[in-house]
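Note sheet for the following structure.
All values below come from the heavy atoms of this structure, side chains included, with hydrogens, waters and symmetry mates left out. Predicted model, so just to flag it, every value in this text is computed and none were measured. Just so you know, ligand 1 is whichever comes first in the structure, and atom 1 is the first atom listed for that ligand.
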Amino acid sequence: MAARIIDGEKIAAQIKEGLRKDVEELAGKGKCPHIAGVMVGENPGVRVYVRSQERACEELGIKYTLDQHPDTMTEEALAGRIQELNGDPEITGIILLMPVPAGINARRIQAQINPDKDVEGMNPQNLGRLIYGTPLLGPCTAVGAVELLKTTGVPIEGAEAVVVGHSEIVGKPIAVLLLGLNATTHICHIFTKDLAYHTKNADILFIAAGKSGAVWQRYWKEKRKYNENPEGEPPALPDLSPLIKADMLKPGVVIIDVAINRIPEALDESGDPVLSEKGRPQMKTTGDVDFEGAKEIASWITPVPGGVGPMTVAMLLKNAVEAAKMAVG
Ligand code: NAD
């Protein structure tokens, strides 16, 4: 039987609709949520991210101000700016836009954001609250991914849950949240010897590795170098297949695929991406799971795109509202 699809777009839209009333009420009290996105230096990828944040905030009437600084800004000056924003009663949420220039320690800066204004939930105090099971402003992607699992209604307590990926922003917090729900939680990562051994036992599977995207990035860096100076052998063609294949799954598993891999639709005979009519590489977005194969085995599955991605945005907006409520007191 084909798996049911967990529609992240639809669930995120419902959450956002629920937040709209809260924003109106807060605005009525003169405490409209107001996020400052702190950007140091110039980066086209960050610009795209900022525009999507601005649009999402605008949709709900949340204010968003881009707080932009030159790439010559020192860590000390940035820390000073964060302190100013911490003390600014108009600003209820702060986002440190990543990446920051080399020379600035992003973690040290994130740790200085007032935990009550830390709408991305990345401050050590907010991550610590997860351990205590009392999250206030949780890390958006991890919380959003676990919320998607909850919508399926499958029993979580006592279930065998496997999380593939152990980063601070995704894998580890997901594992902590699952422990909080009393799932028997296993964490796998790049050093796990037999990934399939673990995934085959999973009733619930979260994947946040970004395998094919990372493989592609590494290959393309080498291949571009080779194209500029074609000496010796070109790099071996990359394996862009998904990390999790259908034969690695237990029948009935619930799959939450967090990964976002940007990889080419196809490679030509020389190992370069096939180009579109406009001469740009034809790219596609995939997760870490062989979706078509897994669909025949799983009971529930998230699509990529349209699964966890929209939930990350919804959780950011939810945190923005919670932070503004805290500011009202
Ligand atoms: P990361 O690079 O910091 O961590 C990757 C993790 O995957 C590491 O723990 C690593 O050990 C593990 N891993 C990598 N290759 C593996 C392999 N072959 N086998 C087993 N484990 C492996 O990445 P991240 O920031 O945690 O993000 C992970 C993925 O989630 C990426 O694809 C990223 O784009 C995506 N992501 C999505 C959202 C969203 O909103 N949907 C948000 C954040 C990250």
Would you please test I94 and V119 for side-chain contact (heavy atoms from CB on, under 4.5 Å) and show each step?
CA-CA 6 Å; I94 302 170; V119 287; over 6 Å; no
Any V162 side-chain heavy atom under 4.5 Å of T185 side chain:
no
Given side chains that start at C-beta, do those of P281 and V274 come closer than 4.5 Å, heavy atoms only?
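When only atoms from C-beta onward are counted, V274 and P281 do not touch, as no gap falls below 4.5 Å.
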So which protein residues pack against ligand 1 under 4.0 Å, heavy atoms counted?
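Protein residues near ligand 1 are T141, V164, G165, H166, S167, I169, V170, H189, I190, A208, A209, G210, L243, V258, A259, I260, V308, G309, T312.
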With sequence neighbours excluded, what pairs up with Q217 under the side chain to side chain contact (heavy atoms under 4.5 Å, CB included) test?
none
Could you work out the complete set of other residues in the hydrophobic cluster of L136, with links drawn between I, L, V, M, F, W and Y side chains under 4.5 Å apart?
L137, M326
What residues join I190 in its hydrophobic cluster, counting side-chain heavy atom gaps under 4.5 Å, either direct or through other members?
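Same cluster as I190: F191.
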